[in-house]
Amino acid sequence: MCGIVGIFAYSPVNQALYDALLVLQHRGQDAAGIVTYDGNRLHLRKDNGLARDVFQQRHMVDLQGNVGIGHVRYPTAGCSSSAEAQPFYVNSPYGITLAHNGNLTNANALKELLYREDRRHINTSSDSEILLNVFAHQLQQQMQGEITPEDVFAAVAAVHHRCRGGYAVVVMILGHGLLAFRDPYGIRPVIYGVRENEQGEKEYMVASESVALDALGFQRVRDLAPGEALFVDMHGVLHTRQCAAETVHSPCIFEFVYFARPDSVIDNIFVHKARSRMGAALARKIKREWQTYDIDAVIPIPDTSRTAALELANELGIKYTEGFIKNRYIGRTFIMPGQKARKKSVRQKLNAIDSEFKGKNVLLVDDSIVRGTTSAQIVQMARDAGARQVYFASAAPPVRYPNVYGIDMPAASELVAHGRSVEEVCRWIGADRLIYQDLEDLIEAVRKRDKSQVNRFDTSVFDGCYVTGDVTEEYLNQLERLRCDAVRQQPNGQFGDVIDIHNNV
């Protein structure tokens with residue numbers, strides 16, 4: 001998962017882009033990058049690490065210009081030490097730079113066609129560079145002179161025709177404008193907003209989540225529709241166009257379960273309210289299937305499960321309490337590379353408050369269970385703190401299949417629920433009882449029928465049904481080889497010098 005942002009303004013955007021990346025940092029902690037355009041030159045700074053570490057004062061000073069894009073990343077496959085920080089840049093036509101959230105499922109075929117037919121060389125293993133070159137080639141094919149919005153939208157339509165998978169993209173075409181577009185299924189989120197400066201001029205911003213708009217004082221306008229493109233030309237005129245022939249609105253449901261911030265609004269669905277409804281639905285399942293529950297306290301696993309856990313406790317009439325203290329200076333375990341690093345991080349990340357566990361039957365609530373290693377350690381922590389019985393509830397159904405649309409979820413063989421029953425998972429994590437959310441209840445909890453235009457959700461991690469319809473067994477086997485921890489921990493080269501078009505380091 002990654003975070004993207006783009007801003008068109010009439011004053012320097014370097015600080016605004018940086019602030020937006022801080023807000024979106026939860027979407028990726030592997031690398032960060034910003035590129036700006038000052039009317040003459042492109043200024044780029046990117047490197048591995050958190051945004052606060054990548055951008056120092058000397059970098060910010062050099063990021064000049066009133067238009068720019070930014071990106072925070074964690075890898076969709078492979079080792080976190082890879083040299084694939086974004087944005088990417090290609091110099092023809094005019095100079096184009098791109099940042100991308102998602103994953104192309106036909107990246108290998110596209111890479112071969114780009115070399116053989118389009119005469120374009122791909123220098124990394126990133127599908128984002130492939131996407132950039134596909135767009136650049138299609139734009140060049142459309143041009144009859146100066147670029148027009150029609151040319152841009154025609155190029156996006158051609159991208160939709162050639163590319164498969166999930167993608168939300170922000171692009172800067174030097175001297176021509178800022179572009180954003182979303183895949184025909186709307187799998188990955190992108191939203192835009194507007195604000196007026198002191199002179200009454202309209203400035204525009206696109207981002208992965210609405211919280212970035214809120215933080216910078218932009219009024220939320222709406223999410224881009226599946227297949228839609230937005231283009232702000234250099235005169236500040238906004239153009240939008242539906243660029244896909246067929247669309248089926250199918251956002252990734254895992255955004256609402258785990259990735260998005262609770263204060264975000266995605267496709268007119270408030271993430272906080274969706275998670276609250278997840279907790280209520282889970283409580284109703286407990287009432288149906290476990291009528292004699294003997295739970296003394298409901299305890300969330302910080303942070304993303306708090307909303308669901310609180311509503312679950314209220315619905316059951318059971319005490320809600322905080323039993324774990326989180327060290328906020330440790331990264332999200334789910335996106336840390338290598339099993340050894342994950343195991344080491346859990347005890348550093350969480351510490352149990354013994355008085356909340358001693359002699360009690362506790363229900364631990366988490367947003368989901370992926371590998372199960374973290375859940376097992378947390379269950380053991382509760383026992384070590386003196387809990388009499390440790391029950392575990394997941395606000396999501398069993399995660400049994402890998403994600404192919406931009407989440408670096410483990411290989412199927414590393415998913416604890418893959419090939420195991422609920423009872424077997426329960427024994428694996430060491431709990432006395434395990435309760436999973438039902439998929440139908442999860443969908444109903446996230447869907448907001450009165451305002452959301454969502455047709456369906458991508459629930460492939462739970463049911464193995466991939467909405468784009470092009471994911472084969474061969475593709476999944478290849479993904480298994482790429483994503484297994486044994487491969488991740490192999491040396492993958494050094495990042496090397498920071499790429500900077502004007503030695504802006």
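Aromatic ring pairs are classed by plane angle as parallel below 30°, tilted from 30° to 60° and perpendicular above 60°; the pair Phe259 and Tyr74 is parallel.
Side-chain atoms of Gln25 come within 3.5 Å of backbone atoms of Ala51 as a donor-acceptor pair (strictly under, hydrogens ignored). Under the 3.5 Å distance criterion, the side-chain polar atoms of His137 are left unmatched by any main-chain donor or acceptor of Phe135. Side chain of Tyr320 to backbone of Val298: no donor-acceptor contact under 3.5 angstrom is found. Formation of a donor-acceptor pair under 3.5 Å by the Asp223 side chain with backbone atoms of Asp267 is found in this model. Listed for the His249 side chain is no donor-acceptor partner under 3.5 Å among the backbone atoms of Gly186. Panel note: side chain Arg306, backbone Pro300; no donor-acceptor pair is recorded below 3.5 Å. No donor-acceptor distance shorter than 3.5 angstrom exists from the side chain of Asp38 to the backbone of Gln64, with no hydrogens or angles considered. Asn133 places no side-chain N or O within 3.5 Å of a backbone atom of Ala136 that could act as its donor or acceptor partner. A donor-acceptor pair is defined here as one N or O able to donate and one able to accept, closer than 3.5 Å; no such pair exists between the side chain of Asp183 and the backbone of Gly166. Side-chain atoms of Glu311 do not come within 3.5 Å of backbone N or O of Met278 as any donor-acceptor pair.
Aromatic pair Phe256/Tyr258: centroids not less than 6.0 angstrom apart. Aromatic ring centres of Phe357 and Phe324 lie closer together than 6.0 Å.
Residue Arg222 places its CZ atom among more than 12 non-hydrogen atoms of other residues, nucleotides or ligands, all under 6.0 Å distant.
The side-chain tip of Lys46 points at the ring of Phe88 from less than 6.0 angstrom away and within 45° of straight on.
With sequence neighbours left out, Ser125 forms a side-chain contact (heavy atoms from CB on, under 4.5 Å) with Glu84. Taking Thr307 as the reference, His272, Arg275, Ser276 meet the side-chain contact (heavy atoms from CB on, under 4.5 Å) condition, with sequence neighbours excluded. The side chain to side chain donor-acceptor pair (under 3.5 Å) search around Gln56 returns none, not counting sequence neighbours.
Ionic pairing of Asp62 and Arg45 is not present here: no N-O contact between side-chain nitrogen and carboxylate oxygen is shorter than 4.0 angstrom.
Of the N and O atoms on the side chains of Thr97 and Tyr37, not one donor lies less than 3.5 Å from an acceptor on the other residue.
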